[in-house]
Amino acid sequence: MDYNPREIEQKWKKYWEENEVYKVSNLSDRPKYYVLDMFPYPSGSGLHVGHPLGYIASDIFARYKRLTGFNVLHPMGYDSFGLPAEQYAIQTGIHPAISTEKNIQRYREQLENLGFSFDWSREVRTSDPSFYKWTQWIFMQLYQHYYDNDAGKALPVSQLAERFATKGNSGLNAVCDEDTPSLAAAEWNAMSEAQQQLFLLKYRLTFPEESYVNWCPALGTVLSNDEVKDGVSERGGFPVERKLMKQWSMRITAYADRLLFGLDEIDWPESLKEQQRNWIGRSQGASVRFALEENPATKIEVFTTRVDTIYGVTFMCLAPEHDLVEQITKPEQKEAVKQYIKWTASRSEVERMAEVKQVTGEFTGSYCINPFNGEKVPIYIADYVLAGYGTGAVMAVPSGDQRDWNFAKHFGLPIVPILDAQKNMDQAADDTKEGRYINSGIINGMVYEEAIPTLIKWLEERGLGKGKVQYRMRNAVFSRQRYWGEPVPAYWKDGVPYLIDESELPLLLPPVDKYLPTETGEPPLGRAENWKYKGKYEYELSTMPGWAGSSWYWYRYMDPGNTEAFAGPEAIQYWQAVDLYVGGSEHAVGHLLYSRFWNHFLYDLGLAPEREYAKKLINQGMIQGVIEFIHLEKSEGKQKRFVSADLLDQYPDTEWAMIPVHVDFVSEYGKDHSYLNRNGIDQFREWRPDFREATFITNAEGKLVTKSEVGKMSKRYFNVVNPDDVVARYGADCFRMYEMFLGPIEQAKPWDTQGIDGVSKFLRRFWGLFFNKQGAFEVSEEQPSKEELKVLHAAIKKVREDIERFNFNTCVSAFMIASNDLKKVNCNKKAILEQLVILIAPFAPHVAEELWHRLGNPGSVHRDAGYPEFNPEFLKQDAIKYPIAINGKTRATVDFPVDATKEELEKAALELEAVQKYIDGKTIRKVIVVPKRMINIVVG
RNA sequence: GCGGGUGUGGCGGAAUUGGUAGACGCGCUAGACUUAGGAUCUAGUGCCGCAAGGCGUGGGGGUUCGAGUCCCUCCACCCGCACCA
């Protein structure tokens with residue numbers, strides 16, 4: 001009987017569903033294990049073969065863990081709020097909930113087609129009110145807490161208010177707005193209710209504030225920093241501008257240190273951790289205040305990581321936007337400074353980045369005083385100083401910093417060396433920390449490690465500065481002027497925000513007539529009719545960003561139906577943290593940083609069991625596609641001409657545009673000589689009517705040779721392979737094994753449809769082991785031979801070890817080897833094959849289930865079997881194959897008894913004819929014998 | 001520029017502790033079976049060479065009896081960050 005995956009797979013999928021084989025209980029005496037896949041956004045275009053790679057790996061691991069005695073949670077759900085559904089709604093008027101539902105169904109079908117062991121009864125969706133109720137609830141907790149540095153955690157704002165009433169904010173060490181003034185108890189008590197509320201906003205972990213944000217006019221919303229790439233929106237690639245707006249913000253900076261140092265505790269890919277470290281951008285240094293020469297009461301504050309270079313300061317640089325610029329500019333410089341500011345303001349981000357090397361700036365005419373040596377320091381403005389970083393002012397040390405050096409050279413400013421190890425000062429700056437200080441007042445003769453504390457102590461004693469830690473990371477903008485997101489559970493009264501009552505959660509997304517801003521420029525929620533809190537107060541009209549729901553969702557899977565909490569304490573206590581998290585590296589600084597932030601916060605409240613929610617994370621690599629291009633002559637107006645790629649050298653001065661072609665039209669696609677034949681060209685013409693009249697210059701064989709590249713699998717390149725098509729032809733088991741077989745899980749690799757034949761053949765051969773020549777199922781009850789047991793246990797050892805290391809590709813090889821070896825000895829013994837069926841079950845769940853039942857077992861192999869145990873006894877050998885090398889080159893391989901001693905081996909090896917041939921007439925200098933490994937004879 | 005990663009046959013990749021480099025699969029070559037082959041089976045397949053033999057893990061150097069693996073140095077590619085003080 002032939003292996004028929006379609007029939008088998010349908011049958012067992014149905015069986016698993018009907019018998020709830022993958023249902024997971026929170027009550028189990030087995031140890032728990034939590035395997036999580038990154039939350040997918042259910043896009044309208046469905047899955048391509050790259051998407052399931054991580055799901056297959058996590059499914060194999062989950063099934064393996066289950067068979068080795070764990071109670072495994074392996075859920076799936078949808079991050080179903082998001083921009084694409086709303087863009088679609090704007091175009092079509094269809095409510096995003098409806099299109100999202102449709103997309104989810106399609107996603108679910110595609111996922112089910114692949115035989116995953118998800119417990120679908122735990123499916124969650126962020127756009128479901130029973131889910132976003134708890135997103136809103138967590139938001140409310142953030143609003144009601146502030147970060148206390150002394151306690152090292154979040155504490156209730158109610159405690160803060162009590163403290164203000166008795167002590168004001170003196171002695172309080174809490175994270176707050178930069179501009180928070182000191183406050184006496186009397187002042188607090190004299191405040192109105194509204195004033196008090198506004199003051200508390202300076203401390204709350206989420207709060208509305210006026211700030212410059214990334215405004216994307218095309219999307220009609222603000223974006224967070226991680227949603228902007230190279231000055232355009234990540235979604236859609238639209239221009240983004242800076243705009244001053246009132247926005248809800250998350251005080252993630254309060255957790256900067258914990259987010260940074262927490263990385264050391266988790267087993268995540270190094271590159272991903274590095275990206276987060278980069279994003280957080282912690283720099284340790286000092287802030288120093290330079291008094292103005294003519295007005296010593298006014299100080300310019302700078303932040304530096306190299307306070308040890310302070311005696312090398314020869315000028316000061318302010319950002320053109322700096323507050324003091326206007327005040328300090330002398331009349332003679334006014335016009336030039338004005339022009340410079342105007343010029344910098346006119347330049348776009350892109351221009352500024354492109355002209356990094358060009359030195360520009362302007363002298364203000366004023367001076368400030370270096371607090372250490374009292375020297376006059378000229379003050380310049382320059383756009384290499386960023387207004388948004390630090391204080392917007394830089395103490396320039398041209399001897400130690402290349403940008404300062406360039407600036408000094410350009411304006412003829414002095415360059416003062418400060419370390420005796422600095423070299424070639426006339427060529428470039430030298431940022432060394434080696435050597436001893438010179439020209440440096442109180443630190444002369446010291447080394448770096450001594451200088452820093454000496455200087456900071458000096459500054460702090462005089463109140464002229466202090467040691468300081470600075471972060472690149474900003475607070476995260478949390479509102480979006482969009483419809484399809486969680487409503488913020490807050491309303492406004494006289495310009496002051498208040499939370500709605502907890503009993504009123506969830507605050508439902510109201511219906512609107514259109515998904516566009518109102519005529520007055522308010523977000524779409526402004527269109528909702530009679531949508532007022534208690535009938536009179538305006539609700540917050542912006543919604544939450546895409547990352548809100550995904551910042552805590554893994555808890556919901558633990559207890560999806562809970563109406564009293566986002567997840568019950570017993571459920572959380574049982575499941576604890578995620579043991580294995582699988583997903584793409586594109587979420588490195590978005591989801592994976594925000595979710596850590598929320599988890600730290602929930603931990604502070606005693607609601608999360610561990611600081612870090614994902615112990616181990618692996619990134620699956622991208623599956624790439626072949627992109628096929630044809631060469632179009634670049635010419636204005638003329639007849640459009642495509643030229644075969646092998647004829648290009650006949651057109652030496654021509655420039656070519658590369659036009660992607662649908663890979664289905666290309667013959668022998670993916671190969672060097674891939675081409676369009678007549679038929680392919682006609683298909684292309686049909687498909688791209690704008691090229692219907694074009695000329696196609698083919699080679700002598702009538703082929704239009706294409707250019708093949710390996711790249712992204714994407715709609716844009718018309719090279720998307722749909723897993724449904726692969727499954728229809730080869731079966732889900734084959735698809736799963738092939739994706740694993742392609743290579744290491746974390747590596748990018750190209751999809752090659754031809755290669756799948758190898759796995760398909762293997763599955764048929766494996767199936768064939770259970771059938772006799774007449775095609776009937778037949779296994780033998782005979783005792784297995786030593787050789788057969790060896791094959792089995794070699795496979796068990798390899799597969800078990802490699803799964804533990806997430807090396808799924810080599811597991812597939814191991815199955816192939818075992819199957820080939822058993823075929824050679826025509827083994828059909830039940831004792832061997834049954835073990836192999838269980839061993840392969842995590843990889844090829846359907847065929848394993850079929851064979852498990854055919855072998856006469858009840859229930860399900862995925863629930864009722866135990867994973868095969870490795871027994872080293874069966875791998876013991878009587879003889880070992882020794883490679884025998886002469887001078888490191890293998891010249892023979894010979895079997896020797898396993899218990900042969902070093903001396904015996906040496907003697908036997910030297911007597912071998914094959915060895916004699918090489919050592920004849922030469923001196924044996926040394927013989928290296930490594931028992932059970934190899935023998936090397938050194939001759940000279 | 002800084003940080004992280006990767007370089008092994010025609011291709012995807014294997015080699016877990018320094019011990020037979022190229023497992024497994026694709027592709028290719030030859031043969032068998034067949035009305036047919038994009039089916040199946042058998043054999044071969046790192047490169048050069050008729051062979052003996054030589055050469056081979058990005059390049060160069062080193063340690064070692066022995067290096068894909070360890071050390072130094074250079075190169076290429078990918079990813080991230082980037083006037084960040």
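Quick note on labels: first sequence line is chain A, next is B, and so on, each numbered from 1.
- Within 4.0 Å (heavy atoms only), A/M934 reaches at least one base atom of the nucleic acid.
- The side chain of A/R282 places no N or O atom within less than 4.0 Å of a non-bridging phosphate oxygen (OP1 or OP2) of B/C84.
- The side chain of A/K749 places no N or O atom within less than 4.0 Å of a non-bridging phosphate oxygen (OP1 or OP2) of B/G12.
- Counting non-hydrogen atoms under 4.0 angstrom, A/S813 reaches a base of the nucleic acid.
- Between the side chains of A/Y471 and A/D257, a donor-acceptor pair is found at a separation under 3.5 Å.
- With 3.5 Å as the limit, one finds no donor-acceptor pair spanning the side chains of A/E274 and A/N278.
- Counting non-hydrogen atoms under 4.0 angstrom, A/I817 reaches the backbone sugars and phosphates but no base.
- Base orientation at B/G44 is anti, since its O4'-C1' glycosidic dihedral falls outside 90° of 0.
- If you check B/G19 for Watson-Crick or wobble pairing at under 3.5 angstrom, you find it paired to B/C65.
- Pairing partner, B/A51: none, since no Watson-Crick or wobble contact has both distances short of 3.5 Å.
- Both distances falling under 3.5 Å, in either a Watson-Crick or a G-U wobble arrangement, occur for no nucleotide opposite B/A85.
- Counting any heavy atom pair closer than 4.0 Å across all strands shown, A/R277 reaches no nucleic acid atom.
- Note on A/P744: only backbone sugar-phosphate atoms sit closer than 4.0 angstrom, heavy atoms only; bases stay farther off.
- Salt bridge annotation for A/E906-A/K902: absent, with no cationic side-chain nitrogen under 4.0 angstrom from a carboxylate oxygen.
- Using C1' as the reference atom, B/G68 and B/A14 are 12 Å apart when rounded to the nearest Å.
- In this structure, A/H591 and A/H587 have perpendicular ring planes: the angle between them is above 60°, well past the 30° mark.
- Across all strands, A/K273 comes closer than 4.0 Å to no nucleic acid atom at all (heavy-atom distances).
- Taking only side-chain nitrogens and oxygens, A/K926 never comes nearer than 4.0 Å to OP1 or OP2 of B/G66.
- A/A382 approaches A/P320 most closely through the heavy-atom pair O-CD, 3.4 Å.
- Here A/A748 lies in heavy-atom contact (under 4.0 Å) with sugar-phosphate atoms only.
- Under the Watson-Crick or G-U wobble criterion, with both distances below 3.5 Å, B/A76 is paired with B/U6.
- Within 4.0 Å of A/V930, counting heavy atoms only, lies at least one base atom of the nucleic acid.
- Using a 4.0 Å cut-off between a side-chain N of Lys or Arg and a carboxylate O of Asp or Glu, A/K749 and A/E739 do not qualify as a salt bridge.
- B/C74 and B/G1: their P atoms are spaced 13 Å apart (whole Å).
- For the P atoms, the distance from B/A21 to B/G27 is 28 Å, rounded to whole Å.
- Dashed line: the shortest gap from a side-chain N or O of A/R933 to OP1 or OP2 of B/G18 is not under 4.0 Å.
- Taking only side-chain nitrogens and oxygens, A/Q747 comes nearer than 4.0 Å to OP1 or OP2 of B/G13.
- Remark: A/N820 is in phosphate contact with B/G25, judged by side-chain N or O atoms under 4.0 Å from OP1 or OP2.
- In the interface, the side chain of A/K797 is not paired with the base of B/U16 through any donor and acceptor atom under 3.5 Å apart.
- Remark: A/R765 is in phosphate contact with B/C41, judged by side-chain N or O atoms under 4.0 Å from OP1 or OP2.
- Nucleotide B/C28 forms a pair with B/G44, judged by Watson-Crick or G-U wobble geometry with both contacts under 3.5 Å.
- Between the side chains of A/R282 and A/Q470, not a single donor N or O lies within less than 3.5 Å of an accepting N or O.
- One N or O donor and one acceptor, one from the side chain of A/N936 and one from the base of B/C65, sit under 3.5 Å apart.
- For the pair A/N809 and B/A14, the criterion of a side-chain N or O lying under 4.0 Å from OP1 or OP2 is met.
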